[in-house]
Amino acid sequence: MGGGGTEAFPDLGRHCEHSECNQLDFLPFNCDGCRKVFCLEHRSSKSHDCPKSDHKSRKVVVCETCSASIETTGCDEDAEKAVMEKHEKSGDCDPRKKKKKTTCAVKRCKEILTFSNTCTCKTCQLKVCLKHRFPADHACKKSSSSAVPEGRSNNKFLSALALRNGKDCANDGRRTTPPPSNTPIC
């Protein structure tokens, strides 16, 4: 029953061709195998038991032992298991090759770092998660060569101010123009 639309809009949408559904769908899917129209729920080959499903489709399985990507063909799980067993017996499957996922450097934080949630501290160069990106959140160990202690910078300012002795820095103590008077000129 592949007709579509309503009485007012006969060309709008299509009915799902699944025998038990017949839902009117305004964004229908066409099956590549049987060329029938299906709704979102029945669009996959497995959900509508497509007789011409593509058994030559490619699929990638990741080995849990060594993190290698293995391409398989076929949709059934037996073929996947056979390919995985062949990979494990081939000698290419080495547990030492497994990629270790980096986690946040903060103690007790188990956040896995990815390219989108990794921050590098500008002070200590530590890679941390977004939650611990501020120096106070990851107990940042400031290196003495790159950062000036807070008390020392304050002392520098006070000593420079004391050296001025009340002099105006711009004129070196000499005034060329008389100071402005507060009396208005009439």
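No path of Ile, Leu, Val, Met, Phe, Trp and Tyr side chains, each step under 4.5 Å between heavy atoms, connects Val128 with Leu113, placing them in separate hydrophobic clusters. If you chain together hydrophobic residues whose side chains sit under 4.5 Å apart, Phe29 and Val37 never meet in one group.
With sequence neighbours left out, the side-chain hydrogen bond (donor to acceptor under 3.5 Å, both in side chains) criterion links Glu71 to Arg58. Partners of Ser47 according to the side-chain hydrogen bond (donor to acceptor under 3.5 Å, both in side chains) rule, which considers only residues two or more places apart in sequence or in another chain, are Ser44. With sequence neighbours excluded, no residue forms a ring-ring contact (aromatic ring centres under 6.0 Å, His included) with His138. By the side-chain hydrogen bond (donor to acceptor under 3.5 Å, both in side chains) test, Thr103 is found to be paired with no residue, residues two or more places apart in sequence or in another chain being considered. Residues satisfying the side-chain hydrogen bond (donor to acceptor under 3.5 Å, both in side chains) test with Glu111, not counting sequence neighbours, are Asn117. Partners of Thr120 according to the side chain to side chain contact (heavy atoms under 4.5 Å, CB included) rule, which considers only residues two or more places apart in sequence or in another chain, are Gln125, Lys127.
Cys93 approaches Glu88 most closely through the heavy-atom pair CB-CA, 3.8 Å. Leu130 and Arg133 make their closest contact through O-NH1, 2.7 Å (heavy atoms, listed as atom of the first residue, atom of the second, distance).
Expressed to the nearest 0.5 Å, how far SG of Cys119 lies from NZ of Lys122 amounts to 10.0 Å. Here the NE2 atom belonging to His42 is positioned 9.5 Å from the CG atom belonging to Asp49, to the nearest 0.5 angstrom. Once rounded to the nearest 0.5 Å, the distance linking SG of Cys16 with CD of Glu20 reads 10.5 Å. Between Cys31 atom SG and His18 atom NE2 the span is 11.5 Å, to the nearest 0.5 Å. The distance from atom CG of Leu27 to atom CZ of Arg14, rounded to the nearest 0.5 Å, is 13.0 Å. One distance of note links NE2 of His15 with CG of Asn22; it measures 5.5 Å at 0.5 Å rounding.
Heavy-atom contacts from other residues, nucleotides or ligands closer than 6.0 Å to CD of Glu41 number 12 or fewer.
Looking at His132 and Cys109, their side chains come closer than 4.5 Å, going by heavy atoms from C-beta outward. Side-chain contact between Ile70 and Met84 is present, with at least one heavy-atom pair separated by less than 4.5 Å. You'll find the side chain of Thr123 reaches within 4.5 Å of the side chain of Cys140, heavy atoms only. The shortest side-chain heavy-atom distance between Pro28 and Cys39 does not fall under the 4.5 Å cut-off.
Ring pair Phe38/His48 is parallel by interplanar angle, where below 30° counts as parallel and above 60° as perpendicular.
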